[in-house]
2 protein chains.
Amino acid sequence: MKKTNTNQHLKSKEELLKNAQALVETYDSVPVSVDCVIFGFDENELKVLLIRADLEYFKGMWSLLGELMLPHENLDEAAYRILKERTGMDDVYLDQVKTFGGIHRHPGGRVLTVAYCSLLNINHHQLKITDHELHWHSFQSITELSFDHKEILDECYKWLQKRIQEHPLGFNLLPDKFSLRELQNLYEAILNTKLDRRNFRKKFASMDLLIDVGEMEADVPHRPGKLYKFDFDKYEKSNRKWIGIDF
Amino acid sequence: MKKTNTNQHLKSKEELLKNAQALVETYDSVPVSVDCVIFGFDENELKVLLIRADLEYFKGMWSLLGELMLPHENLDEAAYRILKERTGMDDVYLDQVKTFGGIHRHPGGRVLTVAYCSLLNINHHQLKITDHELHWHSFQSITELSFDHKEILDECYKWLQKRIQEHPLGFNLLPDKFSLRELQNLYEAILNTKLDRRNFRKKFASMDLLIDVGEMEADVPHRPGKLYKFDFDKYEKSNRKWIGIDF
DNA sequence: TCAAAAGTGTTCGCTCTACACCCATGT
DNA sequence: ACATGGGTGTAGAGCGAACACTTTTGA
């Protein structure tokens with residue numbers, strides 16, 4: 001009797017599944033892409049990785065890195081795939097930012113896109129330049145992109161400005177070893193302000209998340225600064241909320 | 001000659017469009033829904049508006065308010081439509097929170113969903129209870145929902161906790177006229193802490209965004225408090241960043 | 001008169017801010 | 001020797017945190 005019940009239960013479950021599947025098949029559907037805003041930092045400037053638009057309609061214009069989501073992968077996986085394909089890196093900071101669902105954002109018909117933001121050390125990877133050009137562009141110099149990618153970029157930039165004041169993300173953009181000057185330059189570039197050097201250094205000293213690696217800068221035309229690395233382990237362990245770096 | 005050039009240009013543009021359309025038609029596509037987490041506040045508790053799951057597979061379980069995005073509407077419009085249909089309100093605080101793209105989140109096949117969070121005054125609307133039950137549930141009491149809606153709810157709750165400390169959103173959850181006690185209860189409910197009454201009042205007094213309406217609470221079994229309303233106009237004008245209410 | 005919440009100020013400690021001089025290195 | 005950025009400390013202001021008593025109303 002128990003068996004019968006179980007079987008009946010299983011059968012009905014199967015039936016429910018079948019019904020659900022039949023229902024979903026009636027749904028309107030839309031292509032979904034993932035677009036990655038990939039930030040880097042070099043020559044004291046915030047950089048963005050762009051590719052030539054592959055759609056002829058936008059010929060000559062630059063574009064974010066984006067691809068269609070594949071049927072078997074979830075959103076994060078799609079974003080990692082795009083990063084991996086283009087930069088060869090897979091241990092990269094990545095976060096979903098916002099979804100853009102305007103009807104006319106793609107000239108060929110409706111395509112929904114989920115925007116991700118990624119931060120990486122610009123020297124730590126090899127760009128995979130295949131058929132399309134892939135280049136780092138100074139964020140400040142970007143005025144126009146294909147699709148609605150400029151809007152997506154601006155959203156991600158605002159997100160980054162806010163985020164970097166609440167979490168120590170900046171280190172993802174720097175080499176393993178960096179000077180405090182480089183770190184400050186990074187913050188100044190992203191926040192688009194000048195910061196007081198002594199207060200900045202005090203701030204980071206008080207966080208106690210920088211490890212003095214006992215080395216110095218080289219090849220600088222002035223007194224070399226100490227090099228530090230970020231204590232990722234310690235940061236993971238401490239659950240200290242970073243709400244407000246408060247420059 | 002100019003005309004010819006223009007015509008050629010137009011023609012080629014049309015062709016580009018046609019090509020783009022042909023391309024998009026080859027894309028895999030996915031049904032997209034919008035799910036709304038609708039928060040209210042009543043009886044000193046944070047509430048969430050839920051409906052009985054309409055999918056038989058989840059029979060008996062509660063569900064967020066969600067519907068498929070229609071072909072002609074963008075995401076925000078879909079979210080407003082859902083709100084309007086169910087609550088009759090259209091001047092409501094609403095914000096996109098996160099997109100969920102897990103492969104198995106719908107038993108009938110892949111359905112992507114964009115989660116929105118809405119805040120409304122629980123007394124200001126008439127629920128449209130049609131075929132499904134529509135009820136306010138205490139947030140704290142919700143342990144299970146259909147689909148991945150519990151996960152979505154939790155994300156939206158975290159979002160709300162953070163957001164309410166950076167922007168004066170709370171007023172959307174209160175009646176037009178409210179006492180400082182009600183306001184504090186609201187913050188305490190959302191942040192799940194106790195706050196110091198004097199500091200709380202000082203904080204809001206110093207923001208200078210509350211208008212004393214010259215009335216008092218009635219029907220309270222103790223000394224009645226003054227009633228205030230929130231100065232939405234003044235807030236809109238002042239661009240003061242609210243980063244950090246810092247309780 | 002009692003219960004329950006309203007209303008109100010002050011002190012302390014911490015953190016942010018502003019600010020200037022000497023040091024080490026390369027040219 | 002000079003130019004360039006590295007490295008450091010302190011005083012003042014402002015803000016958040018802690019904390020207790022009197023007042024008003026309804027029961």
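We name chains A, B, ... by the order of the sequence lines, and we start the count at 1 in each one. Hydrogens, waters and symmetry mates play no part in the numbers below; they use all other heavy atoms, side chains included.
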Side chains of residues 222-232 of chain A: which donor-acceptor pairs under 3.5 Å do they make with residues two or more places apart or in other chains?
residue : atom : partner : partner atom : Å
K226(A) : NZ   : D212(A) : OD2          : 3.3
D231(A) : OD1  : K234(A) : N            : 3.0

Interface polar pairs with nucleotides 10-13 of chain D, N/O, under 3.5 angstrom:
residue : atom : partner : partner atom : Å
dT10(D) : O4   : K202(A) : NZ           : 2.8

Dump every N/O contact between nucleotides 23-27 of chain D and the protein below 3.5 Å, one line per pair.
residue : atom : partner : partner atom : Å
dT23(D) : O2   : R223(B) : NH1          : 2.7

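Residues satisfying the side chain to side chain donor-acceptor pair (under 3.5 Å) criterion with N44(A), sequence neighbours excluded, are N185(A). Residues forming a salt bridge (charged side-chain N to carboxylate O under 4.0 Å, His left out) with D90(B) (at least two apart in sequence, or on another chain): K84(B). Residues meeting the salt bridge (charged side-chain N to carboxylate O under 4.0 Å, His left out) test with R197(B), sequence neighbours left out: none. The salt bridge (charged side-chain N to carboxylate O under 4.0 Å, His left out) check on K98(B) picks up nothing, with sequence neighbours excluded.
Counting only residues at least two apart or on different chains, the salt bridge (Lys or Arg N to Asp or Glu O under 4.0 Å) pairs with a member in residues 181-193 of chain A are E188(A)-K194(A). Sorted by first and then second residue, the ring pair (Phe, Tyr, Trp, His ring centres under 6.0 Å) pairs involving residues 143-164 of chain B (not counting sequence neighbours) are F58(B)-F147(B), H106(B)-F147(B), F139(B)-Y157(B), F147(B)-H149(B). Under the salt bridge (Lys or Arg N to Asp or Glu O under 4.0 Å) criterion, no residue pair touches residues 134-145 of chain B, with sequence neighbours excluded. Contacts classified as salt bridge (Lys or Arg N to Asp or Glu O under 4.0 Å) and involving residues 151-160 of chain A (residues at least two apart or in different chains) are given here: K150(A)-D154(A), E155(A)-K158(A).
Nearest-nucleotide assignment on DNA chain C puts the 5′-proximal partner with R181(B), out of R181(B) and D196(B).
Note on the helix from dT1(C)-dA27(D) to dT27(C)-dA1(D): terminal axis deviation equals 0°, with five pairs used at each end and the result rounded to 10°.
Atoms NZ (K203(A)) and C1' (dT17(C)) sit 12 Å apart, rounded to a whole Å. Going from atom CD of E182(B) over to atom C1' of dA6(C) covers 13 Å, rounded to whole Å. Atoms CZ (F178(A)) and P (dG6(D)) sit 14 Å apart, rounded to a whole Å. Summarising the geometry, the separation between NZ on K194(A) and P on dA18(C) is reported as 15 Å, rounded to the nearest angstrom. Rounded to an integer number of Å, the gap from Y187(B) OH to dG16(D) P is 14 Å. Between F204(B) atom CZ and dG16(D) atom P the separation is 12 Å, expressed in whole Å. For the pair N44(A) CG and dG5(D) P, the interatomic distance rounds to 10 Å; values are reported in whole Å. Separating the CD atom of Q184(A) from the P atom of dG6(D) is a distance of 8 Å, rounded to the nearest angstrom.
In this structure, K226(A) does not reach the dG6(D) phosphate: none of its side-chain N or O atoms is under 4.0 Å from OP1 or OP2.
The backbone N or O of V114(A) sits nowhere less than 3.5 Å from a side-chain atom of Q96(A) that would complete a donor-acceptor pair.
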Exercise for the section: Test side chain to side chain contact (heavy atoms under 4.5 Å, CB included) on D95(A) and R163(A) and set out the steps. Expected result: CA-CA 11 Å; D95(A) 225 343; R163(A) 194 87 181 158; 3.5 Å; yes

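For a distance-only test at 3.5 Å, the side chain of R201(B) fails to qualify as a donor-acceptor partner of the base of dG7(C). Between the side chain of R198(A) and the base of dA20(C), at least one donor-acceptor pair of N or O atoms lies under 3.5 Å. Below the 3.5 angstrom threshold, one finds a donor paired with an acceptor across the side chain of R197(B) and the base of dA6(C).
The distance between the ring centers of Y187(B) and F204(B) falls below 6.0 angstrom.
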